[in-house]
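In what follows, a structure is listed as structure tokens, so that the remarks can point back to it.
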Amino acid sequence: MNHVISALVENKPGVLARVSSMFARRGFNIHSLAVGPTVDPNMSLITIVVDGPEMEQIIKQLYKLVNTVKVTELGPEEGVIREIMLVRVNSDPTKRAEMIESASVFSARPVDVGAATITFEISGDPEHLSNFLELMRTYGIIELAQSGRIALPKDRKTKRHTTASTKSARMDPS
Amino acid sequence: MPETLTGASALIRALENEKVEVVFGVPGGAILPAYDPILDSTVRHILARHEQGAGHMASGYAHASGKVGVVMATSGPGATNLITPLQDAMMDSIPIVAITGQVPTTSIGYDAFQEAHTWGISMPVTKHNYLVTEVSDIPNAIKEAFHLASTGRPGPVLVDIPKDVLNQTLDWQSPGKIDLPGYRPSIKGHPKQVRSAVDLILESSRPVLYAGGGVLRSNGSESLVRFAELAALPTVTTLMARGAIPDSHPLALGMPGMHGNYTAITAMQKADLLVAVGARFDDRVTGRPDAFAPEAKIIHIDVDPAEIGKVRKADVPIVGDARTIIDQLTEEAELRIEKGAHWMDRESWLETLHNWKRKHPLSYNQDPEGPIQMQYVIEQIHRLTGGEAIVVAGVGQHQMWASQFWGFERPNTWINSGGLGTMGYAVPAAIGAKVAEPDQLVIAIDGDGCFQMTLQELITASIEGIPIKVAVMNNSSLGMVKQWQRLFYDERYSAIDLTSHTPDYVGLAESMGCIGLRAKSPSEVGPTLEKALAVTDRPVVIEFPCDPDAMVFPMVPAGASNDDVIVSAEDLP
Ligand SMILES: Cc1ncc(C[n+]2csc(CCOP(=O)(O)OP(=O)(O)O)c2C)c(N)n1
């Protein structure tokens, strides 16, 4: 099972190396890792997707790093979890309108159009992206680039609110 | 007017502010700027013959004194030579600060002369490390390094400083408050957990107190003994905790684990409760982990939360400083007793343990005409010194026998490389211990193999006037490896022969400015030791040619269950 961990770390040189070195040393598998700034310029947020049963140890070992300030594990229901993907697919000019139309159901938008290809940009949770890929496979995928996952815990104090992209994922594209 | 200092002078000033008495090190290009102001400093510098030696000296110093040991080295090879002592200190939670020179910031990344990526190489072998690129950061980096090394779970911290940064100037300012938002080690245990722990202890009829090195790191021996007595807890002391409770104490069971004694091993196997304090369920203690202490509930007390649940799930985890939590337990237990609570009856358990001790004592046989047995030498040293010494061991058979046969009565009198098992540890660590405790007798009990790894540090000891004693247990082989080849590789001996009397240890010792002695037979052991103990003005090396075929027992073969302990050679299949 994949778990999403969100680690708030001091924004110091080499902090990413410390985290990845610790994972390598302890034999924990990283599925994806993304790092970026936060509202506090002294802090960065690292989102790590890991496999495996050793969640308690992973979180404790992360905490043990001197630069780690806070670690949160986000279950599927507890976080807003997103990835971004760029997919280049074969596109015969006669099919172009149809493709853009069905991509729009996924809130995917064309970002580059060539003589025989279209490149779509899509973001959403992993399931949403994989449903979209399934659709694109029928046209023939040429290239693909995908970001690591990023996440924030859901705000429990306000009303739950589902975004367009997760809603559309429930529609059967085929 | 603020005082203007070079980075190098600020570094030395910062060390003085940390009350550093001594730095062990070896100079070189990148660290040269720091070696100039040290001439005018109150800090004593001891020139080691190898950076590994300097690192282990810092570790021996820290072990014996409880203070932070400091080691200094140059960039590149100086820094890489420190990796073994850093990892050694990491595994045994020893507070040391390593300061390394680095090539100038403008050369970093250009494969400059003596460049090594010290920060990256040392990351996994330190608790934390720094590359200081701004001269004004030096005072804070040093302050943080000492704070990190000595608080929470102690450990090694490295500060790498490029040469140009050492040469730049700053306006000296005392470092400000330490700002480490991600570092807040717990000290007091959670009161609810403390109460739950006392509940379990009250209910237990077969408890064992499992004391690890953390007890000594937190100066917790006295508290431990008081609590063991109050709660009638038989106590095992791991290889890192020998001396935490006097071996002569009626509740002391001695060392558990791979070469522990039958009673300590079996008490844990049969216990219904283990109270682990500053111990980490190391594989050398547990044997096969899923067969370890199968009936025991676990109270696990450790300052490092990551140790709790790492190997064995704890029924009651308590995070915090070992001594503080033991005192909390004592207080809580006293309160309960006042209110009329009773311990479960421990009589039959204590009696069982007593009977095991009687039935399966550690033993050996010294044939007066035969070769010298290491156990005999160890007992003779103990007899002649009254046990009043700090004992430092190498790694191998001699180490296990020293731990088994030396009766430890005080904390911090046993120094060895437990977690990493670093051959060559004894001589430099003994030097560090003697520097920390000049009035105590410091004796290294070393193997011939180990001795040959770092013996050049005896030159350091002679020149610096550090009169340690080194007992070289010369069994002409890498004894522990030989034992494994005998037991597990059909006596096919491979690469273990060190050949008797090569080198001539007596001559070698004399050539390094030490006294060299040799006891050729069992009857010479006592008189030779007496001669050695009479020397106080310089290091002494005493060679004991020992039985090359002796084996250490009891033994739990690697990966086996502790239930399958081989008590003596007669039990071999
Ligand atoms: C640096 C290092 N290299 C190799 C080993 C593996 N090793 C463990 S014990 C041992 C033999 C030690 O021989 P000696 O110092 O003669 O001690 P003895 O076992 O004979 O008492 C060896 C090679 C080690 N622990 N450390």
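Below, read A as the first sequence line, B as the second, and so on, with proteins coming before strands; counting in each chain starts at 1.
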Please state whether the side chain, the backbone, both or neither of [X] comes within less than 4.5 Å of a heavy atom of chain B.
X     : value
A:M43 : side chain
A:S21 : side chain
A:L8  : neither
A:R25 : side chain

Other residues, nucleotides and ligands only: do more than 12 of their heavy atoms fall within 6.0 Å of [atom1] on [X]?
X      : atom1 : value
A:K64  : NZ    : yes
A:R96  : CZ    : yes
B:I121 : CD1   : yes

Which region of [X], side chain (C-beta onward) or backbone (N, CA, C, O), has a non-hydrogen atom less than 4.5 Å from a non-hydrogen atom of chain A, or is it both or neither?
X      : answer
B:R153 : side chain
B:N129 : both
B:I308 : both

Counting heavy-atom pairs closer than 4.5 Å to chain B, which one of A:V69, A:V66, A:T68 comes out on top?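 When all of A:V69, A:V66, A:T68 are compared, A:V66 has the most.
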Given the options A:E56, A:E10, A:K70, which has more heavy-atom pairs under 4.5 Å with chain B than any of the others? A:E10
Answer yes or no: is there an ion pair linking B:E307 with B:K310, defined by an N-O contact shorter than 4.0 Å?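 Between B:K310 and B:E307 there is a salt bridge, with a charged N closer than 4.0 Å to a carboxylate O.
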Would you say B:R312 and B:H300 make side-chain contact, with heavy atoms under 4.5 Å? no
Verify whether one side chain among A:T94 and A:D92 offers a donor that lies under 3.5 Å from an acceptor in the other. yes
Pairing donors with acceptors under 3.5 angstrom, does anything connect the side chains of B:Y130 and B:E144?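 Note: B:Y130 and B:E144 side chains meet the donor-acceptor criterion.
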